[in-house]
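In what follows, a structure is listed as structure tokens, so that the remarks can point back to it.
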Protein chains: 2
Amino acid sequence: MSGTHTGVPSVLANELPRPVPIDDLEACPVGDLFRRLGDKWSMLLLILLGSRPHRYNELHRAIEGISQRMLTRTVRALEADGLVRREVHPTVPPSVEYSLTPLGQTLLEPLSALADWAVRHEAEMNEARSHHTSA
Amino acid sequence: MSGTHTGVPSVLANELPRPVPIDDLEACPVGDLFRRLGDKWSMLLLILLGSRPHRYNELHRAIEGISQRMLTRTVRALEADGLVRREVHPTVPPSVEYSLTPLGQTLLEPLSALADWAVRHEAEMNEARSHHTSA
DNA sequence: CAGCATCCAGGGCGATACTG
DNA sequence: CAGTATCGCCCTGGATGCTG
């Protein structure tokens, strides 16, 4: 299983959204994806763009905790990954519109499932955190 | 902000995994969840624990890019969030087993969907990245 | 084996200021 | 409006050593 990613969980090769028996995350695309989405802003941005295209400052205001630097940086990274499209309108007051590419749209689905989970289990997480027994 | 999270996407209140019309992420649990999972290791750890319980050093080896510090730190955070269970076996060579809580199990589903997406679209992302035209 | 403590380096990241 | 440039903090994360 240390060869190429031949050892990639066969489950994933199927089409089920069930428990993933992964053991070597670095060797498989799963680790790769999570490395890219595993930052403070990427998933947030994707979800936001999933609702509708946004302009730079719209994103900036919507996220609100993000700095211009990280907004630009993150959105550019997503663009490089083919998930986000950056469209520049050469108007007088320049406007740039960000939207999901078709590929990004497909990613939106599992991402929305995650967002959905968040809403459903918000209470449980908060409660668990308050228990936080001992340490 | 528009009141409490009354503005929380009604879509999420339903039961569909489709585009999420979010506009104020900080005011809703979605932003909260993504803030917690939006780090370098949390999702990786959850996926890994989703396949089966792991012991400390098993996790350390499986992730391999993680330091002891961050492993302990991340796993503890997930424990505090009620997603991971930490079980100490008072054997002579002490062994600690980490596993998903029932809540964590439910989170595993959307997470697996994400992992599944990674496998399916690996090629597309890599290609997009190679194009990466201009900038 | 599991894990904490400390030191230390690098870079992630934000704040501010400036430009086209 | 949509960025870029610069600065600096602090978190991430590695190495090492110690404890139970």
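Note on naming: letters A, B, ... go to the chains in the order of the sequence lines (proteins, then strands), and numbering restarts at 1 for each one. Nothing here was measured: the structure is a model prediction, and the numbers come from that model.
One N or O on the side chain of A:Thr101 and one on the backbone of A:Gly82 form a donor-acceptor pair closer than 3.5 Å.
To the nearest 0.5 Å, atoms CZ (A:Arg85) and CG (A:Leu78) are separated by 15.5 Å. Note that CZ of B:Arg73 and CZ of B:Arg76 are 12.0 Å apart. Values are rounded to the nearest 0.5 Å. We find the CG-CE distance between B:Leu45 and B:Met43 to be 11.5 Å, quoted to the nearest 0.5 Å. Separation of atoms CG (B:Leu111) and CG (B:Leu37) is listed at 6.0 Å; rounding is to 0.5 Å.
Put simply, CZ on B:Arg73 is 13 Å from C1' on C:dT6, counting in whole angstrom units. One atom, CZ of A:Arg69, and another, C1' of D:dC7, lie 9 Å apart when rounded to the nearest Å. Residue A:Leu44 contributes atom CG, which lies 13 Å from atom P of C:dC13 at whole-angstrom precision. The nearest whole Å value for the distance from the OH atom in A:Tyr56 to the C1' atom in C:dG20 is 14 Å. Nucleotide D:dA2 holds its C1' atom 11 Å from the NE2 atom of A:His60, rounded to whole Å. Protein atom CE of A:Met70 is 9 Å distant from nucleotide atom C1' of C:dG14, rounded to whole Å. Atom CD in B:Glu79 sits about 15 Å away from atom P in C:dA2, given to the nearest Å. We find that NE2 of A:His54 is positioned 15 Å from P of D:dC1, with the value rounded to whole Å.
In terms of phosphate contacts, B:Thr72 brings a side-chain nitrogen or oxygen within less than 4.0 Å of OP1 or OP2 of C:dC4. Residue A:Trp41 places at least one side-chain N or O under 4.0 Å from the OP1 or OP2 atom of C:dG14. Under 4.0 angstrom from either OP1 or OP2 of D:dT4 there lies at least one side-chain N or O belonging to A:Arg76. For A:Arg55, a side-chain nitrogen or oxygen approaches OP1 or OP2 of D:dA2 to under 4.0 Å.
A salt bridge links B:Arg36 with B:Asp81: at least one charged nitrogen is closer than 4.0 Å to a carboxylate oxygen. Taking 4.0 Å as the cut-off between side-chain N and carboxylate O, B:Glu87 and B:Arg55 do not count as a salt-bridged pair. Ionic pairing of B:Arg52 and B:Glu58 is present here: one or more N-O contacts between side-chain nitrogen and carboxylate oxygen are shorter than 4.0 angstrom.
The base of C:dA17 is paired with the side chain of A:Gln68 by a donor and an acceptor separated by under 3.5 Å.
Nucleic acid contact class of A:Leu71 (heavy atoms, under 4.0 Å, all strands): none.
Using modelled atom types, one finds a donor on one side chain and an acceptor on the other under 3.5 Å when comparing B:Tyr56 with B:Thr72.
For the segment residues 82-98 of chain A, residues with any heavy atom less than 4.0 angstrom from an atom of DNA chain D are, sorted by number, A:Arg86, A:Pro94, A:Ser95, A:Val96, A:Tyr98.
The rotation axes computed at either terminus of the helix from C:dC1-D:dG20 to C:dG20-D:dC1 lie 50° apart, taking five pairs at each end and rounding to 10 degrees.
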